[in-house]
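Contents: one structure, followed by commentary.
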Protein chains: 2
Amino acid sequence: MRAMSPPVGLPVLAESDLVRQVARRLTDAIVQGQLAPGAKVAEAAVARELGISRAPVREAARLLESQGLLKASPRRGFFVRELSAQDVDELYDLRLCVERHAAVEAARRLTPALRAALRRQLDLMRELARRDDPATIVEADYQFHRLICEAAGNARMLRLFDGLASELRIVIGLIGRLYDDPREIARTHEPVLAAIEAGHPERIVAHVDHHLGVARREVVRLVRSLTPTPRETRRQIP
Amino acid sequence: MRAMSPPVGLPVLAESDLVRQVARRLTDAIVQGQLAPGAKVAEAAVARELGISRAPVREAARLLESQGLLKASPRRGFFVRELSAQDVDELYDLRLCVERHAAVEAARRLTPALRAALRRQLDLMRELARRDDPATIVEADYQFHRLICEAAGNARMLRLFDGLASELRIVIGLIGRLYDDPREIARTHEPVLAAIEAGHPERIVAHVDHHLGVARREVVRLVRSLTPTPRETRRQIP
DNA sequence: TAGGCGTCGATTGTCGACACTTTCAGCTTG
DNA sequence: CAAGCTGAAAGTGTCGACAATCGACGCCTA
């Protein structure tokens, strides 16, 4: 036989891993709003549509369940997670914990390359804001925050951030337009980057807190607007 | 319509959810050290042993994979996660983020009941330390921290904490004895509780930082002692 | 007419089967 | 004697099937 797989390791095509592919498809469908919160994810239907059997679909659903994107209801199936205002609050509390640390750590490790990447991302947001392209702005916003988390050099923290962002996009993806004035996004990010560049921990924390606080209020408002009346039970007055 | 089903509805009978049960069994086996890091988890063997088919085992393994307890190696199966010193560092960074927030929040919401529970837990640790019962001390330690996270009132944060604790117990469970002097555990927890009772945010953060810093060093030392030589590749000198 | 009950279709939970890979022991070879 | 090759055994990835269960529809009963 040949001398071991030549280290050409290039296009590992067709990973036979259907589970990952299904998980990715479902995730995309959810964060892009094609699958609305509360929607049922019938495994048979998904399997038919993808031309595969139900087993990989079930396993993928389990993955997404433990990521919080789906909710398993025994004997009834999987449903797209519905987020309440409290869920959003919880998610932002976690983001605060994570991003405070990530931003401080990113500042400590700030390299010219990272700094350039962050500034580029901020410019991109400004540009998109000028064009008023709400969907891609949300994406650019996400990438900015992700860069910071990546720079902190903690793989688990990055995965956690990705998970939190995915969950949040369950609701954010529904509309795409988050801020009334898109340019506000760039405005609230600017001081964060400035603080990171200055390398002043307390200031970094303060600005991250402020920025996420603004974002949290926006998303909570969005969620509240999506659940018209928080009525408990439809009850008619006799 | 009537006042709905009379409030009798109580004894929720066990859902026949094999996946949950398998996941729990595997988790227990891992954190209790019956399945050592790096050990292969052969689905066929597990299924045989439990007298069920492979499908539920696979789904349970997926759950544990996304929790970080198992690692999936395509076409080769699932393996118990191996933790490096850097993994431990990452986990403790995350714990720091979470527990700082949780402790401050717990102090803000401190009730007499919670305070009593925490103090009771601390007393328990002291008692166990006197008896020199390393295994249960680790468990009591975990419960103390968990109480604080629970008190913060963020379900996701609690789940995150549980996940982090599980991962850490992959290595901690191996030995059971973490501190050279068990009584040191109670000693390093005491100021944390005192700070929470005092309700002084900065002091809380400082003491949580210190306590987790000590614990981190202990666990890193433990991990280092478990991986005798961090050799990269076994290579013979020609 | 409103509410309860039984039946039917659809879906889930679980199983056994099959093809393809990986692993490993034994044999061959330089 | 070590290293490489060969074949079989074991294990994974995926599939289709079957029983149990859930939800809905329609019928029966006060």
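Protein chains get the first letters and strands the later ones, always in sequence-line order, with residue 1 at the start of each. Just so we're clear, the structure is a prediction, and the values are computed from it rather than from any experiment.
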Q) With under 30° as parallel and over 60° as perpendicular, where do the rings of A:His211 and A:His145 fit, or are they tilted in between? A) parallel
Q: Measure from the side-chain N and O atoms of B:Thr136 to the backbone N and O of B:Glu139, and report whether any donor-acceptor pair falls under 3.5 Å.
A: no
(Q) Given 3.5 Å as the limit, does a donor-acceptor pair link the side chain of B:Glu90 with the main chain of A:Arg156, or not? (A) yes
What do you reckon, is [atom1] of [X] surrounded by more than 12 foreign heavy atoms closer than 6.0 Å?
X: B:Gln86; atom1: CD; value: no
X: A:Arg25; atom1: CZ; value: no
X: A:Glu49; atom1: CD; value: no
X: B:Arg24; atom1: CZ; value: no

Polar atoms only, N or O, under 3.5 Å: list the protein pairs with nucleotides 19-24 of chain C and their distances.
unit_1: C:dT23; atom_1: OP1; unit_2: B:Arg76; atom_2: NH1; d: 2.2

Q.
Check this one for me: any side-chain N or O of B:Lys40 less than 4.0 Å away from OP1 or OP2 of D:dA10?
A. no
Q: Output yes when at least one side-chain N/O atom of B:Arg58 is less than 4.0 Å from OP1 or OP2 of D:dG13, else no.
A: yes
Q: Can you check whether any acceptor in the base of D:dG11 is under 3.5 Å from a donor in the side chain of B:Arg54, or vice versa?
A: no
Q: Choose from D:dC15, C:dT14, D:dG11 the nucleotide whose nearest atom is closest to any side-chain atom of B:Val19.
A: C:dT14
**Q.** Pair A:Glu65 + B:Arg20: basic N to acidic O under 4.0 Å
**A.** yes
Q | Pairing of A:Arg108 and A:Glu105 as salt bridge, 4.0 angstrom limit | A | yes
Q) What integer distance in Å separates B:Asp17:CG from C:dG13:C1'? A) 9 Å
**Q.** Nearest-Å distance for atom pair CZ/P, residues B:Arg48 and C:dG16
**A.** 13 Å
Q | Those residues of residues 59-73 of chain B lying under 4.0 Å from DNA chain D by at least one heavy atom | A | none
Q.
Over the length of the helix from C:dT1-D:dA30 to C:dG30-D:dC1, how much do the five-pair end axes diverge, rounded to 10 degrees?
A. 10°
(Q) Under a plain distance cut-off of 3.5 Å, with no hydrogens placed, do B:Arg100 and A:His101 share a side-chain donor-acceptor pair? (A) no
**Q.** Residue whose nearest DNA chain C nucleotide is more 5′ - A:Gly77 or A:Ala55
**A.** A:Gly77
